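To start, the structure itself, in structure tokens.
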Amino acid sequence: MLTSVKDRPVIVTGGSKGIGKGIAKVFAAQGARVMIAARGADTGQAAADELRAAGGQVEFCQCDVSDWESVQNMVSQTVDAFGGLSVMCANAGAFPQTKMVDMDPGEWDQVMATNLKSAFLCVKASIPHFEKAGGGRVVLTSSITGPVTGFPGWSHYGASKSGQLGFLKTACMELSKYNVTINAVMPGNIYTEGLQDLGQDYLDTMAASIPLKRLGNVEDIGNAALFFASDEAGYITGQTIIVDGGQIIPESLEAMEEI
Ligand code: NAP
């Protein structure tokens with residue numbers, strides 16, 4: 001099962017750290033040829049080296065996903081290195097936590113560009129190569145924050161993650177012409193370096209509010225992305241999957257105490 005990505009060229013934006021690195025690891029373990037993309041060259045190169053040392057076919061390219069020229073370069077570099085493009089995992093994202101009263105409007109624009117405009121840019125740059133290949137897959141990393149839940153300080157982030165799902169609906173129709181599916185994974189709280197910065201108290205409180213009593217790990221998201229990218233998921237498009245250990249289900253703190 002889910003072995004169809006073997007030797008297929010895959011881009012994972014934000015693949016140098018956290019969830020993106022987890023997605024890259026899961027795809028590389030299935031024999032895919034993975035280009036990880038991020039702005040930071042040292043961290044990105046180190047991640048590619050680490051995944052290659054574990055036996056993966058993994059390269060790194062520097063890219064700012066909010067910049068059209070940079071995204072086009074990322075896709076060209078991938079096609080040059082691997083001979084085509086089969087899967088675009090548009091995962092890179094930023095989540096500065098700032099309440100609206102303190103938020104500079106420029107921060108709003110930056111979060112939208114990194115999280116939402118980037119999804120459009122990554123898809124747009126991929127279309128000619130998917131068309132050439134006769135098909136392809138896009139997997140977006142959205143979030144439960146925005147589409148399902150709210151959290152003070154993340155108005156811009158939540159809007160960008162909901163926006164990705166609005167984009168998904170029309171993109172799935174336009175991409176069907178090229179035999180391309182597009183779906184989104186909606187992670188709950190996943191244990192990453194980024195989340196670590198929020199402190200142990202935050203992590204412990206979050207774990208206590210999740211029915212499965214743990215934060216997710218990056219491979220949990222990688223496995224969902226692998227499913228959407230696989231041949232087995234070929235008839236699924238425009239859809240979402242929440243991967244959150246049941247986090248959004250309890251209707252009150254009391255409900256959690258009943259477990
Ligand atoms: P992370 O550990 O902070 O990693 C973010 C990655 O994105 C890094 O590789 C970073 O590298 C890259 N990146 C950021 N801005 C970029 C830009 N403008 N251009 C290219 N790359 C950029 O974050 P994460 O927790 O893994 O989050 C990854 C995705 O999952 C995001 O879309 C996030 O919204 C989503 N998500 C995360 C969680 C969670 O619990 N962690 C939950 C729900 C959704 P550089 O900084 O070097 O560019």
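When a ligand or atom number is given, it counts from 1 through the structure's own listing order. Values below: every heavy atom of this structure, side chains too, minus hydrogens, waters and symmetry copies. Just so it is clear, the structure is predicted and the values come from calculations on it, not from any experiment. Here, residue 1 is the first one in the sequence, and each next residue gets the next number.
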Find all atoms of ligand 1 within a distance of less than 4.0 Å from any non-hydrogen atom belonging to [X], and give their numbers and elements.
X      : result
Gly93  : 5 (C), 7 (O), 14 (C), 31 (C), 32 (O)
Lys161 : 31 (C), 32 (O), 33 (C), 34 (O)
Asn189 : 40 (O)
Cys63  : 19 (N), 20 (C)

Can you tell me which residue and heavy atom of the protein come closest to [atom], and the distance to 0.1 Å?
atom                    : answer
atom 41 (N) of ligand 1 : Ile190 O, 3.5 Å
atom 3 (O) of ligand 1  : Phe95 CZ, 3.9 Å
atom 18 (N) of ligand 1 : Asp64 OD1, 3.0 Å
atom 13 (N) of ligand 1 : Ala92 CB, 3.9 Å
atom 2 (O) of ligand 1  : Gly18 CA, 3.7 Å
atom 29 (C) of ligand 1 : Asn91 O, 3.2 Å
atom 42 (C) of ligand 1 : Gly188 O, 2.9 Å

Would you say ligand 1 has an N or O under 3.5 Å from any N or O of [X]?
X      : result
Ser143 : no
Ile19  : yes
Gly20  : no
Val65  : yes
Gly14  : yes
Tyr157 : yes

Please check this pair: side chain of [X] against backbone of [Y], looking for a donor-acceptor N/O pair closer than 3.5 Å.
X      : Y      : answer
Gln57  : Gly31  : yes
Ser162 : Ala159 : no
Arg137 : Thr181 : no
Ser142 : Val185 : no
Ser209 : Met206 : yes
Ser70  : Asp67  : no

Q.
We want to know whether Thr98 and Glu107 form a side-chain donor-acceptor pair, criterion being a heavy-atom distance below 3.5 angstrom.
A.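 A pair is found: one side chain offers a donor N or O, the other an acceptor, under 3.5 Å apart.
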Q.
Would Thr114 count as a contact residue for ligand 1, given that I'm defining contact as a non-hydrogen atom of the residue lying under 4.0 Å from a ligand atom?
A.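 Within the 4.0 Å threshold, so yes.
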Q: For residues Ile236 and Phe227, determine if any side-chain heavy atom of one lies less than 4.5 Å from a side-chain heavy atom of the other.
A: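 Touching, per the 4.5 Å side-chain cut-off.
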Q) Which bit of Thr192 is near ligand 1, meaning a heavy atom under 4.0 Å away: side chain, backbone, both or neither? A)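 Answer for Thr192: side chain.
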Q) Under 4.0 Å from ligand 1, counting heavy atoms only, is it the side chain of Ala94, its backbone, both or neither? A)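 It is neither; nothing of Ala94 touches ligand 1.
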Measure from [atom] to every heavy atom in [options] and give the option owning the shortest one.
atom                    : options                      : result
atom 9 (O) of ligand 1  : Ser70, Ser118, Ser16         : Ser16
atom 4 (O) of ligand 1  : Arg39, Lys117, Gln164, Lys17 : Lys17
atom 47 (O) of ligand 1 : Ala24, Gly40, Ser142         : Gly40

Distance-only donor-acceptor hits, side chain of residues 85-97, under 3.5 Å, sequence neighbours excluded:
unit_1 : atom_1 : unit_2 : atom_2 : d
Asn91  : OD1    : Thr141 : OG1    : 2.8
Asn91  : ND2    : Thr13  : O      : 3.0
Gln97  : NE2    : Pro152 : O      : 3.1

**Q.** salt bridge (Lys or Arg N to Asp or Glu O under 4.0 Å) evaluation trace for Lys21 with Glu50
**A.** CA-CA 10 Å; Lys21 190 171 164 193; Glu50 183 189 323; 2.9 Å; yes
Q | Pairs touching residues 210-235 that satisfy salt bridge (charged side-chain N to carboxylate O under 4.0 Å, His left out), sequence neighbours left out | A |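 Every pair satisfying salt bridge (charged side-chain N to carboxylate O under 4.0 Å, His left out) with a residue in residues 210-235: Arg8-Asp231, Lys25-Glu219, Arg214-Asp220.
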Q: Decide, yes or no, whether a salt bridge links Asp49 with Arg52 under the criterion of side-chain N to carboxylate O below 4.0 Å.
A: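 Salt bridge flag = yes for Arg52 with Asp49.
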